[in-house]
Amino acid sequence: MAQLGLIGLGKMGFNMRERLRAAGHEVIGYDRNPDVTDSTSLEDMVSKLDGPRIVWIMVPAGEPTRQTVAELGNLLSEGDLVIDGGNSKYTDDKINGDLLAAKQIGYLDCGVSGGVWGKDNGYGLMVGGAASDVEKAMPIFDALRPEGPREEGFSHAGAVGSGHYAKMIHNGIEYGMMQAFAEGFELLEAAKVVENVPAVIKGWQRGTVVRSWLLDLLVRALDEDPELDDLEGYVEDSGEGRWTLEEAINNAVPAPVISAALFARFASRQEDSAAMRAVAALRNQFGGHAVKKVQ
């Protein structure tokens, strides 16, 4: 049995705590929400852990994570280990790792995929850091990853930063896959040749080359709302798609699918696009094409 301090008990962190406890591990959590926390403060959580301690962070990326790492640096001891399992940008990991290394505290960055389904299905894990630190935390990783061969749900990607880098690229790929399914759905709906769009998409779940968990989730959504007309077509992005494109530019790697998927999300947030108004005006000017006036 391993012992773990877990900071951040939101949708992901709460379910991770439940999965770890079900596997027989002791988890002492801390969250600002008094209804879910096991500790009154970070200091209280650390005091309940036996050394050498392992602490996993699941808080929003950026300043909240950096601040948490800094606080832990003042609370933990030499030989302890911190794991950032949030969606931090990989460039933050060297800063966090160096800060803790100066105090002889280990640091791993862990990209986590699985969403709200991870509690039952397990989480795909991509880890960056020293092999000795990875080995120290392996009982935790093995409890969180899906059942089956370790290498199919867990990877030690390389040095500090590589885990979050791998997760960033994973999410960029996810953007493109989601957009492809979305465009296919819209085309099936628009053409009117297919009379039962949900049935066609459900029929892709077995034996086709596009079968996937994302397809299964689309089928589930269509079962609940066959035309998806209960939803607004407004889609946020959480950062990883943008960072993936930055890396594509920095490395001169063409990424047209991921870039188009990200820009489609931007377009979804525009009630009225100035760019498309300009396109309409130009078509009217050179070709006399009809335009729609604002009512």
Side-chain angles (χ1 to χ4, degrees), residues 10-13 15-16 58 60-62 65 84-93 109-128 141 144-146 148 151-155 157-158 161-188 201-202 204-205 208-222 224 228 231-251 253-269:
K11 291 179 181 178
M12 288 279 282
N15 283 343
M16 290 169 70
M58 288 297 289
T65 294
D84 176 12
N87 279 329
S88 295
K89 192 172 184 180
Y90 79 98
T91 49
D92 283 353
D93 292 315
D109 56 287
C110 182
V112 180
S113 182
V116 297
W117 299 88
K119 175 176 175 285
D120 297 321
N121 298 340
Y123 302 89
L125 306 174
M126 297 144 266
V127 180
F141 295 141
L144 288 173
R145 67 174 176 82
E151 62 271 19
E152 293 181 6
F154 171 88
S155 59
S162 64
H164 281 145
Y165 195 98
K167 178 59 162 47
M168 174 184 69
I169 302 305
H170 166 281
N171 281 25
I173 294 168
E174 177 187 299
Y175 275 45
M177 292 175 66
M178 291 172 67
Q179 187 65 25
F181 280 126
E183 291 174 11
F185 168 74
E186 182 172 0
L187 184 53
L188 287 168
I201 293 177
K202 182 174 289 190
W204 292 345
Q205 286 184 281
T208 75
V209 296
V210 299
R211 63 190 185 276
S212 66
W213 185 43
L214 284 176
L215 177 63
D216 294 343
L217 293 177
L218 178 57
V219 168
R220 185 173 184 269
L222 291 171
E224 297 171 357
L228 301 182
L231 304 174
E232 289 188 13
Y234 182 101
V235 185
E236 286 286 2
D237 68 287
S238 54
E240 295 91 340
R242 300 182 190 218
W243 302 339
T244 300
L245 286 189
E246 289 176 7
E247 286 301 301
I249 293 167
N250 292 340
N251 290 282
V253 173
V257 171
I258 296 172
S259 61
L262 177 63
F263 294 150
R265 294 193 181 197
F266 294 166
S268 78
R269 303 169 206 163

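All values reported here derive from a predicted model rather than from experimental measurement.
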To the nearest 0.5 Å, tell me how far [X] [atom1] sits from [Y] [atom2].
X	Y	atom1	atom2	result
Met126	Ile169	CE	CD1	11.5 Å
Ile173	Thr244	CD1	OG1	8.5 Å
Cys110	Met58	SG	CE	8.5 Å
Arg220	Leu222	CZ	CG	12.0 Å
Asp92	Asn87	CG	CG	12.0 Å

With distance as the sole test, does [X] use its side chain to make a donor-acceptor pair with the main-chain N or O of [Y] at under 3.5 Å?
X	Y	value
Ser113	Gly124	no
Arg242	Gly239	no
Asp109	Gly161	yes

In terms of side-chain heavy atoms, does Ser88 have a donor or acceptor partner in Asp84 at a distance below 3.5 Å?
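Present: a donor and an acceptor within the cut-off.
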In chain order, what residues pass the ring pair (Phe, Tyr, Trp, His ring centres under 6.0 Å) check against Tyr165, with sequence neighbours excluded?
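In terms of ring pair (Phe, Tyr, Trp, His ring centres under 6.0 Å), with neighbours along the sequence ignored, Tyr165 is linked to Tyr90.
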Is the count of non-hydrogen atoms from other residues, nucleotides or ligands lying under 6.0 Å from Trp213 atom CH2 greater than 12?
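For Trp213, atom CH2 is crowded (more than 12 foreign heavy atoms under 6.0 Å).
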Shortest non-hydrogen separation from [X] to [Y] and the atoms involved:
X	Y	answer
Ser238	Glu240	OG-OE1, 2.6 Å
Ser268	Gly233	CB-O, 3.0 Å
Ala157	Gly163	CB-N, 4.2 Å
Met178	Leu214	CG-CD1, 4.0 Å
Gly115	Tyr123	O-CE2, 3.7 Å

Flag side-chain contact, heavy atom, 4.5 Å: [X] against [Y]:
X	Y	answer
Arg269	Asp237	yes
Leu144	Val112	no
Asn171	Lys167	yes

Please tabulate, for the side chains in residues 256-266, all donor-acceptor contacts under 3.5 angstrom to protein atoms that are two or more places apart in sequence or on a different chain.
{"unit_1": "Ser259", "atom_1": "OG", "unit_2": "Ala255", "atom_2": "O", "d": "3.1"}
{"unit_1": "Ser259", "atom_1": "OG", "unit_2": "Pro256", "atom_2": "O", "d": "2.9"}
{"unit_1": "Arg265", "atom_1": "NH1", "unit_2": "Glu236", "atom_2": "O", "d": "3.1"}

Exactly one of Leu215, Leu218, Val210 should register a side-chain contact (heavy atoms from CB on, under 4.5 Å) with Gln205. Which one does?
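Going through Leu215, Leu218, Val210 one by one, the side-chain contact (heavy atoms from CB on, under 4.5 Å) with Gln205 is satisfied by Leu215 alone.
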Quick one: list whatever passes salt bridge (charged side-chain N to carboxylate O under 4.0 Å, His left out) with Glu246, sequence neighbours left out.
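If we apply the salt bridge (charged side-chain N to carboxylate O under 4.0 Å, His left out) test to Glu246, skipping adjacent residues, the hits are Lys89.
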